[in-house]
Amino acid sequence: MKKDEIYMKEALKEAVKAQQKDEVPIGCVIVHKDRIIARAHNQVETLKDPTAHAEMIAITQAAAGLKSKWLQGATVYVTIEPCIMCTGALILARIKQLVFGAKDPKTGACGSVFDIPKEKNLNHRFKIKSGMMKEDCASLLSGFFKKKRKLTLKT
């Protein structure tokens, strides 16, 4: 199994944790020097905080662990394409690479709705690899929202 798949499976484990807490199932791990230095899942509902996305929480953990505001050399694995907020944070953190699973046709900021990392005037760029285990990532999300819609129709 390739390294990217191993780390994306870890991000998927985080997404399942989110789902078990009735959070949108998105998971993230950050890898630096072949070691996971942060892992997180969405906690927007739990914390009542619209910024408590998996990526944001993982960035905070990784920065604390490295004792640096910059995550140079780090690769971020996330189950869905980051939104504008999270993409901005990844740029500010100066990550090396982003690997994500499913595209987000509603709020994706790395190619779907917006393509923030390709903006010419930004002071940092990072590599992007999309579609890593996209079926697994997408089915977790679609299953979650399908269940939510069923519950809404029953009430």
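In what follows, every heavy atom counts, from backbone to side chain, and hydrogens, waters and symmetry copies are set aside.
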Listing, residues 96-106 side-chain donor-acceptor contacts under 3.5 Å, not counting sequence neighbours, or none:
from : atom 1 : to   : atom 2 : distance (Å)
D104 : OD1    : K106 : N      : 3.0
D104 : OD1    : T107 : N      : 3.2
D104 : OD2    : T107 : OG1    : 2.6

Roughly how far, to the nearest 0.5 Å, is the [atom2] atom of [Y] from the [atom1] atom of [X]?
X	Y	atom1	atom2	answer
K9	D136	NZ	CG	8.0 Å
L90	I116	CG	CD1	11.5 Å
D49	M56	CG	CE	9.0 Å
R125	I91	CZ	CD1	8.5 Å
S142	R149	OG	CZ	8.5 Å

Is [Y] reachable from [X] through a run of I, L, V, M, F, W or Y residues, each pair having side-chain heavy atoms under 4.5 Å apart?
X	Y	answer
M132	I36	yes
I57	I84	no
F145	L12	no
M8	I80	no
L66	F126	yes

Minimum heavy-atom distance [X]-[Y], with the two atoms named:
X	Y	result
I95	H124	O-NE2, 2.7 Å
H32	I37	CB-CD1, 3.7 Å
D34	Y7	O-OH, 3.2 Å
P117	A109	CD-O, 3.4 Å
C137	T79	CB-O, 3.1 Å
M133	E5	SD-O, 3.8 Å

Going by atom type alone, with no hydrogens or angles, which donor-acceptor pairs under 3.5 Å involve a side-chain atom of residues 14-29 and a protein atom two or more places apart or on another chain?
from : atom 1 : to   : atom 2 : distance (Å)
E14  : OE1    : H41  : ND1    : 3.0
E14  : OE2    : K17  : NZ     : 2.9
K21  : NZ     : H41  : NE2    : 3.0
D22  : OD1    : K148 : NZ     : 2.9
D22  : OD2    : K148 : NZ     : 2.8
E23  : OE1    : V44  : N      : 3.1
E23  : OE1    : E45  : N      : 3.0
E23  : OE2    : E45  : N      : 3.0
E23  : OE2    : T46  : N      : 2.6
E23  : OE2    : T46  : OG1    : 2.7

Is it true that, when you exclude F144 itself, more than 12 heavy atoms of the residues, nucleotides or ligands shown sit nearer than 6.0 Å to its CZ?
yes
Is a side-chain N or O of E81 found less than 3.5 angstrom from the main chain of G111, in a donor-acceptor match?
yes
When you check the gap from the basic side-chain N to the acidic O, do K13 and E10 get nearer than 4.0 Å?
yes
Taking only distance into account, with no hydrogens and no angle test, what donor-acceptor pairs under 3.5 Å do side-chain atoms of residues 67-77 form with protein atoms, sequence neighbours excluded?
from : atom 1 : to  : atom 2 : distance (Å)
S68  : OG     : W70 : N      : 3.0
S68  : OG     : W70 : O      : 3.0
Y77  : OH     : D4  : OD1    : 2.6

